[in-house]
**Student:** 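Please see the structure below; I have some questions.
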Amino acid sequence: MQELKPIKEGKVREIYDNGDSLIMVATDRISCFDVILNNVVTKKGTVLTQMSKFWFNLTKDILPNHMISTDVKDMPEFFRQDKFDGNSMMCRKLNMLPVECIVRGYITGSGWASYQKTGTVCGIQLPEGLKEADKLPEPIYTPSTKAEIGDHDENISFEQSVAHLEKYYPGKGQEYAEKLRDYTIALYKKCAEYALSKGIIIADTKFEFGLDEEGNITLGDEMLTPDSSRFWPAEGYEPGHGQPSFDKQFARDWLKANPDNNWTLPQEIVDKTIEKYLQSYEMLTGERLA
């Protein structure tokens, strides 16, 4: 069996070249504040891959996505090992667009901090008198530029996203920026409505898009996972303060409260984190993770 090496390693994902496709493996690594922690969270990679698969299937009617298969039988022999089963996705190759497409349906996190100072989020004026975790009258699109590992992504306005895309794709900046915004909001609205029917509020999320060989905008990367989104339980939702969540917030909160943490979580926080990931998967899909 040929040993394969990833062509790219992100904070959580490893990407392998498979000729005319890519194989994306979601590892059990966990990153917070753009740092890879010393812990592994068993099963986390499988949750991320299977949840992305669920959403990709749900949103095919809005636009195409890059998923080909999550069955390792469709992949080279190297991937037919236990450590790749369930957490690997074979994908079409895309030319990724250099913008992270963030959509916020509720005001929280850095958006809430910005609103308290200026009444705006990423330059978008919001109504007065919003409370923390309030639902926004309409979802807002707040793109950012993609940073290299170790750097922080930078929030930009819609106009700046036009100029940023124009640099890479002369004559296409406006068209691509508008399509990214419209797709992002359409995806969010459909999925947030679905999630709410299952007892989960999607407060915000980010998408990434690329161009296929014909130049069509195609959804790539991961989709609506607890790593790329804020999921809150709808039960007990109450604006005016932070909400409990189904994501890495547990881990983030513990790290903030214990500054001499050396980027290592206690096992109980790791266990609680994966419990939340599994719970959100089961609520959204109606299935237990195999």
Side-chain angles (χ1 to χ4, degrees), residues 7-15 22 24 26 29 31-36 48 52 63 65-66 91 93-115 117-126 136 138-188 202-212 215-230 247-248 252:
I7 52 165
K8 189 174 172 205
E9 287 197 59
K11 291 189 277 280
V12 172
R13 283 184 170 63
E14 295 175 346
I15 299 178
L22 293 173
M24 288 176 68
R29 295 194 289 264
S31 82
C32 291
F33 309 115
D34 288 332
V35 175
I36 298 169
L48 298 183
S52 290
L63 85 162
N65 60 65
H66 70 164
C91 304
K93 286 184 171 176
L94 300 177
N95 185 358
M96 296 306 286
L97 293 166
V99 173
E100 295 223 311
C101 298
I102 298 161
V103 54
R104 304 165 192 262
Y106 293 72
I107 188 154
T108 186
S110 61
W112 170 241
S114 165
Y115 175 77
K117 287 196 197 100
T118 61
T120 65
V121 175
C122 299
I124 299 169
Q125 190 69 48
L126 294 176
L136 296 170
E138 273 296 310
I140 57 171
Y141 173 62
T142 59
S144 76
T145 55
K146 291 175 59 161
E148 294 302 312
I149 288 186
D151 290 338
H152 288 278
D153 299 338
E154 188 191 345
N155 291 333
I156 53 175
S157 67
F158 174 74
E159 290 68 34
Q160 285 171 308
S161 79
V162 173
H164 187 63
L165 287 160
E166 186 67 29
K167 266 196 316 219
Y168 294 85
Y169 300 98
K172 291 280 196 182
Q174 184 77 29
E175 178 198 336
Y176 286 168
E178 285 175 7
K179 280 186 172 162
L180 293 183
R181 177 195 61 201
D182 296 349
Y183 280 141
T184 295
I185 291 193
L187 289 166
Y188 173 78
I202 302 174
D204 51 37
T205 191
K206 68 169 184 168
F207 301 116
E208 294 196 32
F209 300 89
L211 302 173
D212 69 8
N216 301 310
I217 293 184
T218 303
L219 185 56
D221 199 52
E222 64 180 323
M223 181 178 186
L224 285 163
T225 69
D227 264 18
S228 66
S229 322
R230 275 196 184 87
D247 53 30
K248 294 190 289 197
R252 289 192 199 106

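Numbering of residues begins at 1 and proceeds along the displayed sequence. Note that this is a predicted model, so its numbers are computed, not measured.
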**Student:** Please enumerate all residues that pass salt bridge (Lys or Arg N to Asp or Glu O under 4.0 Å) together with D227, with sequence neighbours excluded.
**Tutor:**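 Only K44 meet the salt bridge (Lys or Arg N to Asp or Glu O under 4.0 Å) criterion with D227.
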**Student:** Quick one: side-chain hydrogen bond (donor to acceptor under 3.5 Å, both in side chains) partners of R181, sequence neighbours excluded?
**Tutor:**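 Applying side-chain hydrogen bond (donor to acceptor under 3.5 Å, both in side chains) to R181 gives none.
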**Student:** What residues form a side-chain hydrogen bond (donor to acceptor under 3.5 Å, both in side chains) with S228, not counting sequence neighbours?
**Tutor:**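 For S228 the side-chain hydrogen bond (donor to acceptor under 3.5 Å, both in side chains) partners, ignoring immediate neighbours, are T225.
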**Student:** Tell me, please, which residues at least two apart from Y176 pass ring pair (Phe, Tyr, Trp, His ring centres under 6.0 Å).
**Tutor:**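 Scan of Y176 (ring pair (Phe, Tyr, Trp, His ring centres under 6.0 Å), adjacent residues dropped) gives Y169.
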**Student:** Taking only residues two or more places apart in sequence or in another chain, which ones pass side-chain contact (heavy atoms from CB on, under 4.5 Å) with D212?
**Tutor:**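 Per chain and number, D212 pairs via side-chain contact (heavy atoms from CB on, under 4.5 Å) with R92, L94, E214, N216, T218.
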**Student:** Under the side-chain contact (heavy atoms from CB on, under 4.5 Å) rule, collect the residues that match up with S110, sequence neighbours excluded.
**Tutor:**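 Counting only residues at least two positions away or on another chain, S110 forms a side-chain contact (heavy atoms from CB on, under 4.5 Å) with R104.
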**Student:** Applying side-chain contact (heavy atoms from CB on, under 4.5 Å), name anything that partners I15, two or more places apart in sequence or on another chain.
**Tutor:**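 Once residues adjacent in sequence are excluded, the partners of I15 under the side-chain contact (heavy atoms from CB on, under 4.5 Å) criterion are I7, K8, L22, M24.
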**Student:** Residues in salt bridge (Lys or Arg N to Asp or Glu O under 4.0 Å) with E175, at least two apart?
**Tutor:**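 K172, K179.
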**Student:** Of all residues at least two apart in sequence or in a different chain, which pass the side-chain contact (heavy atoms from CB on, under 4.5 Å) check with S114?
**Tutor:**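 In terms of side-chain contact (heavy atoms from CB on, under 4.5 Å), with neighbours along the sequence ignored, S114 is linked to T118, T120.
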**Student:** Once side-chain hydrogen bond (donor to acceptor under 3.5 Å, both in side chains) is applied, do any residues pair with Q174, and if so which ones, sequence neighbours excluded?
**Tutor:**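 Testing Q174 for side-chain hydrogen bond (donor to acceptor under 3.5 Å, both in side chains), a comparison that skips the adjacent residues, returns E178.
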**Student:** Suppose we screen for side-chain hydrogen bond (donor to acceptor under 3.5 Å, both in side chains). Which residues come up paired with Q160, at least two apart in sequence or across chains?
**Tutor:**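 Here the qualifying residues are S157.
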**Student:** List the residues meeting salt bridge (Lys or Arg N to Asp or Glu O under 4.0 Å) with K206, not counting sequence neighbours, and say none if there are none.
**Tutor:**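 With neighbours one apart ignored, the set is E100.
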